[in-house]
Amino acid sequence: MKETIQNIKGTKDILPKESYLWLYIENYIHNHFSKFGYQEIRTPSFEKTDLFLRSIGQETDIVSKEMYSWIDQGNNKLTLRPELTASVVRSYIQHQMGKQNKLHKLYYLGSSYRRERPQKGRFRQFKQFGLEAFGSSLPEQDAEIIYMAYSLYKSLQIKNLRLKINSIGNRNSRKQYKIELQKYFTKFKNELTEASQKRLKINPLRILDTKVDFEVELVKNAPKIIDYLDLDDQKHLESVLYFLKDMNVPYILDPYLVRGLDYYSRTVFEIQTNTLGAQSALCGGGRYDYLVKDLGGQDTPAIGFAAGLERLIMALDMDIGNKNPDIYIVSIGDSALSYSFNLANSLREKDLIVLTETIGRSLKSQMKDANRLNASHVIIIGDDEIKSQMASVKNMTTGHQEDVSLSKIIDYF
Ligand code: HAM
């Protein structure tokens, strides 16, 4: 026997047993975002590597160790997108969207790729859905985005939702904070991991995101960014919180929430649930008021979030199976078989799900299959039925069976 080939670690086949639920949730997301006037954008799965280096940041885990990058035959440095924000910003600038309209509200659903250590809720290919709003720096835009994320999970009845929020200020207020953080962590420099020692010099905020136990303890006494915000940042945060409270969205102000990507400014947030194990984040996002300009566009404030679809599906704990057939046509004999194909095609024009026989089974086996698939009705056609122009129709729920003229059978359903 030849050796079989398995899928790559950290990737996942979505089999028919599950795929209908995926489709249902994807439609739910399209609907939910559309209700707020957001429009879908689709961008390519791979981009120039530089796009991610310049947006996500060199010292982040994503860029320093998780990207799938390669050099193609034309010597181009390319990367499978590890997230979609950078691509959406690239597209926003490239298509000069800012010139057409002051405000752009976009959403997306697409695969992302990160070479992380696979575990429950953490994959190397995963599907992200999210949205980005370009053009408004006002707190009501932050509140709208956060409400859209929160209400999606709430309406799908995900339990134990925790919305964590923080402000990491503008670039100026963060400068002073960085100095204070450096002072604080330098006291423990020799105890820090090699990665954190490196971050201490370049980007000490990244240390706040540590998962190493003793560093987590150090973070508990570190200076808080909130004490370094300037008046405008403070007012912005207060207004965002006011709107959330007004819309009955409960939140936890977490002074150490910094998020794992470098492009953020002011508002950052995450929605977590305790039903997912170690990977508790359902979604995360925040404001990135400098990114459009940093990537060569006009000065444009923006905010967004993204979420893992796998994690949402896991948290749902829902099994809706697949759609059952409306009609299963059991056919016996050659002329019955070709008649059944045409009949099925006409019935499908009425949006019915109709199955026909393609593996030459006996009447008994076909009936058994109709039962297994939970078909609502079975039509039985043999060569005799073709001659008499009558077919047997069985309602599989009630067991009632009757003869129906073939000329009336389409209207019958
Ligand atoms: P992120 O926090 O890196 O943010 O990812 C957002 C969400 O994607 C996470 O909360 C999680 O649900 C899901 N996710 C991330 N990595 C994995 C993985 N390896 N396996 C399964 N799910 C995963 C961003 O990507 C930003 N672009 C969010 C954003 C949009 N900020 C502003 N706009």
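Whatever order the structure lists ligands and atoms in, that order sets their numbers, starting from 1.
Glu238 and Gln234 share no donor-acceptor pair across their side chains, judged by distance under 3.5 Å alone. Under the 3.5 Å distance criterion, with hydrogens and angles disregarded, a donor-acceptor pair is assigned to the side chains of Asn170 and Asp230. Side-chain atoms of Gln125 and Tyr68 form no donor-acceptor pair, as typed in the model, at a separation below 3.5 Å. Side-chain contact of Thr300 with Gln298: a donor-acceptor pair under 3.5 Å is absent, judged by distance alone.
Between Phe129 and Tyr153, the ring planes are tilted. Angles from 30° to 60° get that label.
Within a 6.0 Å radius of CZ in Arg117, no more than 12 heavy atoms belonging to other residues, nucleotides or ligands are found. Within 6.0 Å of OH on Tyr24 lie no more than 12 heavy atoms contributed by other residues, nucleotides or ligands.
Those atoms of ligand 1 that come under 4.0 Å of a heavy atom in Gly285, given as number and element, are 31 (N). When each atom of ligand 1 is checked for a heavy atom of Tyr264 under 4.0 Å away, the hits are 26 (C), 28 (C), 29 (C), 31 (N), 32 (C). Set against the non-hydrogen atoms of Glu83, the atoms of ligand 1 under 4.0 Å away are 25 (O), 26 (C), 27 (N). Set against the non-hydrogen atoms of Gly121, the atoms of ligand 1 under 4.0 Å away are 20 (N), 21 (C), 22 (N). Within the listing of ligand 1, atoms 30 (C), 32 (C), 33 (N) sit less than 4.0 angstrom from a heavy atom of Glu132. Numbered from 1 in the order shown, with element, the atoms of ligand 1 that lie under 4.0 Å from a heavy atom of Leu261 read 3 (O), 4 (O). Listed by number with element, the atoms of ligand 1 under 4.0 Å from a non-hydrogen atom of Leu282 are 10 (O), 12 (O). Interface atoms of ligand 1 facing Gly308, defined by a heavy-atom separation under 4.0 Å, are 7 (C), 8 (O), 11 (C), 12 (O), 13 (C).
Counting heavy atoms under 4.0 Å from ligand 1, residue Leu84 does not touch it at all. Contact annotation for Phe305 and ligand 1: only backbone heavy atoms (N, CA, C, O) come within less than 4.0 Å of the ligand. Within the 4.0 Å heavy-atom criterion, the part of Tyr263 lying near ligand 1 is the side chain and not the backbone. Using a 4.0 Å cut-off between heavy atoms, Cys283 contacts ligand 1 through its backbone alone, with no side-chain atom that close. At a 4.0 Å heavy-atom cut-off, ligand 1 touches Arg311 through the side chain alone.
For atom 32 (C) of ligand 1, the nearest protein heavy atom (residue, atom name, distance) is Gly304 O, 3.2 Å. Among all protein heavy atoms, the one lying closest to atom 14 (N) of ligand 1 is Phe126 CE1, 3.5 Å. The shortest contact between atom 7 (C) of ligand 1 and any protein heavy atom is with Ala306 O, 3.5 Å. If you check which protein heavy atom lies closest to atom 20 (N) of ligand 1, you get Phe123 N, 2.9 Å.
Comparing heavy-atom distances from atom 5 (O) of ligand 1 across Lys12, Met314, Gln128, Gln119 singles out Gln128 as nearest. Considering each of Arg115, Arg259, Arg114, the one bringing a non-hydrogen atom nearest atom 3 (O) of ligand 1 is Arg114.
In terms of polar-atom proximity, Thr85 is counted as a contact of ligand 1, with an N or O under 3.5 Å from an N or O of the ligand. Remark: ligand 1 and Ala281 share an N or O pair separated by less than 3.5 Å (distance only, no angle test).
Screening Tyr107, Tyr108, Tyr38 against Phe33 for a ring pair (Phe, Tyr, Trp, His ring centres under 6.0 Å) leaves a single residue, Tyr107.
For Thr49 (side chain) and Lys77 (main-chain N/O), a donor-acceptor pair under 3.5 Å exists by modelled atom type.
Residues Phe134 and Tyr92 bring their aromatic ring centres within 6.0 Å. Aromatic ring centres of Tyr177 and Tyr228 lie closer together than 6.0 Å. Ring-centre distance between Tyr288 and Tyr263: below the 6.0 Å cut-off.
Considering all non-hydrogen atoms of both residues, Leu84 and Ser112 come closest at CD1-OG, 3.3 Å.
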